[in-house]
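Input: a single structure, listed below in structure tokens.
All ligand and atom numbering here is 1-based and tracks the order in the structure.
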Amino acid sequence: MEDLLKLNIIELSKLFEKREITSMELTGFYLERIKRYDQEIQSYLKITEDKALDMAKKADKNIQNGEAGRLEGIPFGIKDILCTKDMETTCASKILKGFIAPYDATVIKKLNVDGYVHLGRLNMDEFAMGSSTENSAYQATKNPWSLDRIPGGSSGGSAAATVAGLCVASLGTDTGGSIRQPASLCGVVGMKPTYGRVSRYGLVAFASSLDQIGPITRNVTDCAVVMNVIAGYDHMDSTSIPHPVPDFTEMLGRDIKGMRIGIPKEYFIEGIEQDVNQSIKETLLLLEKNGASIVDISLPHTEYAVATYYIICTAEASSNLARYDGVKYGLRVQGKDIIEMYKKTRLAGFGKEVKRRIILGTYVLSSGYYDAYYRKASQVRTLIRRDFEEAFKKCHVIATPVSPTTAFKIGEKTDDPLQMYLSDIFTIPVNLAGLPAISVPCGFDTLGLPIGLQIIGQPLDEARILQVAYLVEQEKKLKKIPDRYA
Ligand code: GLN
């Protein structure tokens, strides 16, 4: 049975079609694994067993009738920030405890139309604010490669569950690296699509001008398959791009001869772990051996990206999170009047990091400081975007590390928010510029912890970064699941 973990979605669909296995069996297999292993990994906030079995049953019927969708019968884990009708959607926050979503996010609707199975809700940093999943109000998820380490964040539950084989695939969200960084630290594939490529309707907003939803999977093919389902224009999201969606699987396996891969000098700095540096360099040589040419590029405003991001994302967060006031959603703590009720609810409902962001965001937007902070940050954001535009005149894609380090120890950075923020230094510029990027496993450090390569593309050029990622995957043939769970 454990061999099932090695199959991609296309191969699993063939097994369904040939009646070699049913979705009920596959779903049962995953539910069993969750029960066996998630006690120690803590990736799921909630397992929706009855719902999963219902959906699997329906999928088997559709398969029998020859009406299978592209994800028919495939068990998924969902980051607990995507509204799913009639299900509790908490964002790993106490303030949304008991909030039952009245509708499906567009991505959930799309997964539904194509027949997915909902295994459960995956853990995350509260409201997606964090890089280690330690900011969850409920539990700290462990890295399946080493249980005393963090899985990355904020989609740490998604990455950990995927690599440990507790779902076939999962959805995460990425505002400043929250898909790519945990994917890198857990040794799975994670893609942040172009801003506007995937509808944000029904995604609980953190920083609306940066947020994107994307897949986390054990292989590149699955990433492309899931992208085919979730991408596309949606009139319910005003930032959705009305652009046709190509078949993302089509470029997989094509050679990369003549492709120019840009290497930004600002991304190979002191502070990168030696093993990470070496693994990235070796992977670049491999790409060269396969016919790509490596070109040196410069992204001169990179050093301002983290500061810019933490002004823009906190500003947007302070505004987005104003709606949790005890009136409309989840938690309410009574007070002697409405103001006291607001205060008590927000005091009890939000965790420390979320409060820090709200306070910072309120400050940078306040009159007298707006020009110095928010406006300035918006201007620098434009410069960062232009850096990429210039760079893409010289190359087709850009390759960088995803994270300067491999997975750190649980508790190592919780007392030092600045250190935590700096771990996103290579992923944040991509969000500020709205570009697509993928994290693909490219090696392990001496401790056996995974290392990820980031491939950044031009707007709407997801197919090409998938093509490069696929080549890395095929050439490297790295171990995909930690021995303990294989
Ligand atoms: N770690 C970053 C932050 O804390 C990014 C989070 C994200 O992408 N959701 O904001």
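- The ring-ring contact (aromatic ring centres under 6.0 Å, His included) contacts involving residues 408-443 comprise Tyr267-Phe426, Tyr310-Tyr421, where partners must be two or more places apart or lie in separate chains.
- Ion pairing between Arg357 and Glu353 holds under the 4.0 Å rule for side-chain N and carboxylate O.
- No side-chain N or O of Gln181 forms a donor-acceptor pair with one of Ser439 less than 3.5 Å apart.
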Tabulate distances under 3.5 Å between N/O atoms of ligand 1 and N/O atoms of the protein, writing both atom names on each line.
residue  : atom   : partner : partner atom : Å
ligand 1 : 1 (N)  : Gly130  : O            : 2.9
ligand 1 : 1 (N)  : Ser131  : OG           : 2.8
ligand 1 : 1 (N)  : Asp424  : OD2          : 2.6
ligand 1 : 4 (O)  : Gly130  : N            : 2.9
ligand 1 : 4 (O)  : Tyr310  : OH           : 3.3
ligand 1 : 4 (O)  : Arg357  : NH1          : 3.4
ligand 1 : 4 (O)  : Arg357  : NH2          : 2.7
ligand 1 : 8 (O)  : Thr175  : N            : 2.8
ligand 1 : 8 (O)  : Gly176  : N            : 2.6
ligand 1 : 8 (O)  : Gly177  : N            : 3.3
ligand 1 : 8 (O)  : Ser178  : N            : 3.0
ligand 1 : 8 (O)  : Ser178  : OG           : 2.6
ligand 1 : 9 (N)  : Ala128  : O            : 2.8
ligand 1 : 9 (N)  : Thr175  : OG1          : 3.4
ligand 1 : 9 (N)  : Ser178  : OG           : 2.7
ligand 1 : 10 (O) : Tyr309  : OH           : 2.7
ligand 1 : 10 (O) : Arg357  : NH1          : 2.8

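- A salt bridge is defined here as a Lys NZ or Arg NE, NH1 or NH2 lying under 4.0 Å from an Asp or Glu carboxylate O, and Asp104 with Lys109 fails to meet this definition.
- The distance between the ring centers of Tyr329 and Tyr324 falls below 6.0 angstrom.
- Asn123 and Ser43 form no side-chain donor-acceptor contact under 3.5 Å, judged by distance and modelled atom types alone.
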